Amino acid sequence: MAGSSKKADRIKSSKTPLINNLTEEQAKRLPPGQFLTDKFPILHEGEVPEIDLATWRLRIFGAVEQEQALSFEQIMELPRVEITDDIHCVTRWSKFDTRWEGVRFRDLLEQLGIHVQPEATYVMVHGGNDYETNVPLADLLGDHVLLAYHYDGKPLTPKHGWPLRLVVPHLYFWKSAKWIEGLEFMTADRPGFWEQNGFHNEADPFREERFSGEALPIPEDEWTKKEYD
Ligand SMILES: Nc1nc2c(c(=O)[nH]1)N[C@H]1C(S)=C(S)[C@@H](COP(=O)(O)O)O[C@H]1N2
Ligand SMILES: [Mo]
């Protein structure tokens, strides 16, 4: 389409921190319709929530045998893993080799003896500001899905989700909720915030699952006008 290729030209020629001359290897790693940056854009709805670590809890509730509310200390005591993965935002930026540390979602369940009811198929991940996003339980059980507290060797900054965020690198990054405070196990799917507002339910970047219906009017260089570090 002429319209979208013009937009693509604009984003390629804009003074933004995009990496333009991709190597063959980089081009292969980049999902369709994405642009590579080595900056780290900051994107969210509403304000960065103010969180007091002393009272902060991660609630585990819904279709589990016993509901729990974990303190940050309890989470830090769980085995720590490090992942290095590419991340992809629906607004078309991708960033390669992002390094995160935290607790594997799967390990959290195992280590704490959280018995998920066999009927549970989806998890609603609750972030700050009533942000929520739905993810199939099966997607959360992979090796690279973390409840992350460090990015690039340092505690998360408030804007990137301190104290704890989800990282699901194989799905568009809106599924990686920041400031998580609840994991709600569900026996049926229910759309989260963006999923109710026109984003695709599944969000696989390699299948370009951006929108559920018509393409939303998100300018392709939207994120470049926002903050990044
Ligand atoms: N709580 C919360 N988490 C969120 C969002 C949000 O609005 N609120 N935005 C999502 C989107 S669309 C993206 S691209 C990533 C951005 O994470 P970053 O700001 O660390 O790059 O956070 C995701 N997690
Ligand atoms: Mo995003």
Side-chain angles (χ1 to χ4, degrees), residues 40 42-85 87 98-171 173-187 190 192-194 229:
F40 194 177
I42 293 161
L43 270 98
H44 49 257
E45 293 299 302
E47 302 296 311
V48 174
E50 274 180 38
I51 292 167
D52 175 1
L53 213 50
T55 53
W56 177 92
R57 294 290 180 273
L58 178 67
R59 278 187 67 211
I60 300 188
F61 63 108
V64 288
E65 262 173 35
Q66 210 179 1
E67 300 196 343
Q68 302 205 22
L70 306 172
S71 67
F72 193 66
E73 262 174 24
Q74 281 175 290
I75 287 171
M76 293 297 284
E77 281 164 7
L78 298 172
R80 177 190 288 209
V81 297
E82 184 182 311
I83 58 164
T84 301
D85 279 276
I87 57 177
T98 62
R99 191 159 65 88
W100 304 89
E101 281 169 275
V103 185
R104 241 186 224 126
F105 184 94
R106 188 182 68 219
D107 292 350
L108 177 97
L109 301 183
E110 273 173 25
Q111 295 279 324
L112 295 169
I114 295 168
H115 295 288
V116 176
Q117 292 172 13
E119 301 79 31
T121 46
Y122 278 83
V123 177
M124 190 63 88
V125 184
H126 295 263
N129 302 324
D130 298 324
Y131 186 84
E132 48 180 37
T133 184
N134 53 315
V135 187
L137 178 57
D139 274 86
L140 293 174
L141 299 177
D143 285 353
H144 289 236
V145 177
L146 296 197
L147 308 179
Y149 39 74
H150 281 186
Y151 171 72
D152 210 15
K154 290 184 279 297
L156 295 178
T157 60
K159 287 173 183 171
H160 285 299
W162 182 89
L164 194 67
R165 77 175 297 164
L166 186 68
V167 178
V168 191
H170 68 284
L171 300 177
F173 214 39
W174 86 77
K175 298 280 189 185
S176 292
K178 303 194 272 194
W179 313 295
I180 54 172
E181 53 194 27
L183 300 173
E184 177 186 357
F185 290 81
M186 309 192 293
T187 56
R190 186 177 94 221
F193 172 77
W194 280 117
D229 52 28

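The analysis underlying the following values was restricted to heavy atoms, covering all of them including side chains, and did not include hydrogens, waters or symmetry mates. Because the structure is predicted, anything quoted here is derived from the model rather than measured.
When all heavy atoms of F61 and G182 are compared, the pair lying nearest together is CE2-CA, 4.1 Å. Of all heavy-atom pairs spanning V48 and P158, the tightest one is CG1-O, 3.6 Å. The two atoms that bring G128 and P49 nearest to each other are CA-CG, 4.3 Å, heavy atoms only. Closest approach of H144 to I83, counting heavy atoms only: O-CD1, 3.4 Å. Smallest separation of non-hydrogen atoms from V103 and I75: CG2-O, 3.5 Å. Residue P163 comes nearest to F72 through the heavy atom pair O-CE1, 3.6 Å, listed as atom of the first residue, atom of the second, then distance.
Considering V135, V125, D139 as possible partners of K175, the one that fulfils the side chain to side chain contact (heavy atoms under 4.5 Å, CB included) test is V135.
Counting only residues at least two apart or on different chains, the salt bridge (Lys or Arg N to Asp or Glu O under 4.0 Å) pairs with a member in residues 103-129 are R104-D107, R106-D143. The salt bridge (Lys or Arg N to Asp or Glu O under 4.0 Å) pairs that include a residue from residues 153-165 are K159-E227, where partners are two or more places apart or lie in different chains. For residues 104-123, the set of pairs meeting the ring pair (Phe, Tyr, Trp, His ring centres under 6.0 Å) definition, not counting sequence neighbours, is empty.
Once rounded to the nearest 0.5 Å, the distance linking CG of L147 with CD1 of I180 reads 4.5 Å. Going from atom CG of L43 over to atom CH2 of W174 covers 12.5 Å, rounded to the nearest 0.5 Å. Distance check, rounded to the nearest 0.5 Å: CZ of R80 to NE2 of H150 gives 5.0 Å. Rounding to the nearest 0.5 Å gives a distance of 3.5 Å between CD1 of I114 and CD1 of I60. To the nearest 0.5 Å, atoms CD (E77) and CG (L112) are separated by 10.0 Å. Note that CG of D85 and CH2 of W100 are 10.5 Å apart. Values are rounded to the nearest 0.5 Å.
Residues that satisfy the side-chain hydrogen bond (donor to acceptor under 3.5 Å, both in side chains) test with E181, not counting sequence neighbours, are absent from this structure. Considering only residues two or more places apart in sequence or on other chains, R57 meets the salt bridge (Lys or Arg N to Asp or Glu O under 4.0 Å) condition with none of them. Under the side-chain contact (heavy atoms from CB on, under 4.5 Å) criterion, F193 pairs with E45, Y131, N197, not counting sequence neighbours.
Of the possible polar contacts, none joining the E101 side chain to the A148 backbone as a donor-acceptor pair under 3.5 Å is found. No donor-acceptor pair under 3.5 Å is formed between the side chain of T84 and the backbone N or O of R99.
The closest side-chain heavy-atom distance from L166 to T133 is not below 4.5 Å. Side chains of T187 and T121 form no contact here, defined as non-hydrogen atoms less than 4.5 Å apart. A 4.5 Å side-chain heavy-atom check between W162 and L53 finds at least one atom pair inside the cut-off. By the 4.5 Å heavy-atom criterion applied to side chains, Q117 and F185 are not counted as neighbours. Residues L183 and V64 have side chains not in contact (no heavy-atom distance under 4.5 Å, counting atoms from C-beta outward).
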- Verdict with supporting geometry, H44 and N129, side-chain hydrogen bond (donor to acceptor under 3.5 Å, both in side chains): CA-CA 10 Å; H44 49 257; N129 302 324; over 6 Å; no
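The aromatic rings of F40 and Y151 sit tilted, their planes meeting at an angle between 30° and 60°.
For D229, the CG atom is densely surrounded, since the number of other residues' heavy atoms within 6.0 Å is greater than 12.
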